[in-house]
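The chain is numbered in sequence order, starting from 1.
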Amino acid sequence: SGNNVTNSTIGHGVKVNGSAKTPAWILTKNRDDTTVSSVNQSWRVWHKDLTDTYVLFLDRVLYQLDPTAHSNGYIHDVTSTTYKTTHANVDSNAVNGASDKMLAYCFAEVEGYSKFGVYEGNGSADGTFVYTGFRPAWVLIKHIDTSMNYSIVDSVRDNINDSTNDVLFPDGNFAENTSNKYLDFVSNGIKFRGTSAGVNASATYVYAAFAEQPFKYANAK
């Protein structure tokens with residue numbers, strides 16, 4: 001339940017193998033704000049490789065919004081047990097609306113299972129290689145220099161490294177793209193194979209990736 005108090009402390013409860021773990025990726029949403037035209041309704045996305053004053057949006061209607069730097073930020077001081085929110089900006093209801101029902105998804109890095117990072121694209125068909133330490137099953141990518149859709153590629157719809165990828169755009173209301181080559185999943189990471197501005201222009205990107213076979217914490221019988 002939000003309180004719209006500056007520097008309000010929120011407990012996130014993220015643990016790995018029983019130990020508290022600092023999140024690398026946080027998505028927040030105000031469940032009570034129903035004003036469709038308002039920026040308040042957008043998801044806020046915090047990523048460990050962005051400064052605490054940087055804001056990403058994830059929203060079907062407002063996907064065209066640029067990634068935005070705000071002097072007061074929204075989420076900051078992320079630790080192994082808590083994070084803090086601000087309310088100085090008019091649209092910060094998305095992280096701490098007064099008496100509103102708030103939702104937060106918090107993800108930590110787990111060796112061999114999940115990886116959250118940043119990379120520089122090179123605008124070449126022989127694209128950037130991103131090391132994750134595992135073969136990904138699912139990756140979400142966001143260009144952070146301009147407004148552009150998020151891109152999702154997975155190993156279920158794309159189960160071989162072929163000539164094209166099936167790409168989903170979670171902030172858009174249109175069908176998957178099946179006509180372009182974006183990337184290959186390899187044994188230890190992601191190799192970009194296309195020049196799409198969504199994933200491999202000469203620009204900066206953040207990503208979230210999850211493993212296909214996360215053995216490190218598997219419970220075999």
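With sequence neighbours left out, Ser8 forms a side-chain hydrogen bond (donor to acceptor under 3.5 Å, both in side chains) with Asn3. Contacts of Ser124 classified as side-chain hydrogen bond (donor to acceptor under 3.5 Å, both in side chains), with partners at least two apart in sequence or in another chain: none. Scanning for ring-ring contact (aromatic ring centres under 6.0 Å, His included) contacts around Phe192 gives Tyr119, with sequence neighbours left out. Under the rule for a ring-ring contact (aromatic ring centres under 6.0 Å, His included), the partners of Phe116 that lie at least two apart in sequence or sit in another chain are Trp25, Phe210. Taking Asp100 as the reference, nothing meets the salt bridge (charged side-chain N to carboxylate O under 4.0 Å, His left out) condition, with sequence neighbours excluded.
Side chain of His47 to main chain of Tyr207: a donor-acceptor pair is present (N/O by atom type, distance under 3.5 Å, no hydrogens or angles).
Taking CD from Glu109 and OG from Ser114, the interatomic distance works out to 6.5 Å, rounded to the nearest 0.5 Å. One finds the CG atom of Leu140 at 5.0 Å from the CD1 atom of Ile152 (value rounded to the nearest 0.5 Å). In this structure, the separation between OG1 on Thr164 and CZ on Arg193 is 14.5 Å, given to the nearest 0.5 Å. Atom OG1 of Thr82 is separated from atom CD1 of Ile10 by 9.0 Å, given to the nearest 0.5 angstrom.
No side-chain heavy atom of Trp46 sits less than 4.5 Å from a side-chain heavy atom of Val95. Side-chain contact between Ser151 and Tyr182 is present, with heavy atoms from C-beta onward closer than 4.5 Å. Residues Val139 and Val130 form no side-chain contact, since every pair of their non-hydrogen atoms from C-beta on lies 4.5 Å or further apart. By the 4.5 Å heavy-atom criterion applied to side chains, Leu168 and Arg157 are counted as neighbours. Within the 4.5 Å cutoff, no side-chain heavy atoms of Ser196 are placed close to those of Asn180. Between Lys84 and Thr9, the closest side-chain pair of non-hydrogen atoms falls below 4.5 Å. A heavy-atom distance below 4.5 Å is found between the side chains of Asn30 and Met102.
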Criterion side chain to side chain contact (heavy atoms under 4.5 Å, CB included) on Lys181 and Asn165, from CA distance to verdict
CA-CA 5 Å; Lys181 183 62 178 175; Asn165 293 116; 3.7 Å; yes

Assess whether side chain to side chain contact (heavy atoms under 4.5 Å, CB included) is satisfied between Phe185 and Ile190, documenting all intermediate values.
CA-CA 5 Å; Phe185 290 144; Ile190 304 163; 4.2 Å; yes

Go through it in stages, so that I can follow the logic: the residues are Tyr105 and Phe107, the test is side chain to side chain contact (heavy atoms under 4.5 Å, CB included), and I'd like the CA-CA distance, side-chain angles, deciding distance and then a yes or no.
CA-CA 7 Å; Tyr105 293 108; Phe107 298 83; 3.7 Å; yes

Start with the C-alpha distance between Asn200 and Thr128, add both sets of side-chain angles, then the distance that settles side chain to side chain contact (heavy atoms under 4.5 Å, CB included), and finish with yes or no.
CA-CA 7 Å; Asn200 192 41; Thr128 298; 3.7 Å; yes

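Glu120 and Thr204 form a side-chain donor-acceptor contact under 3.5 Å, judged by distance and modelled atom types alone.
Partner Thr85 forms a side-chain hydrogen bond (donor to acceptor under 3.5 Å, both in side chains) with one of Asn7, Asn96, Asp77, Thr28 and no other, that one being Asn96.
Tyr131 belongs to a hydrophobic cluster whose remaining members, ordered by chain and number, are Phe129, Val186; membership requires side-chain heavy atoms of ILVMFWY residues under 4.5 Å apart, directly or through intermediates.
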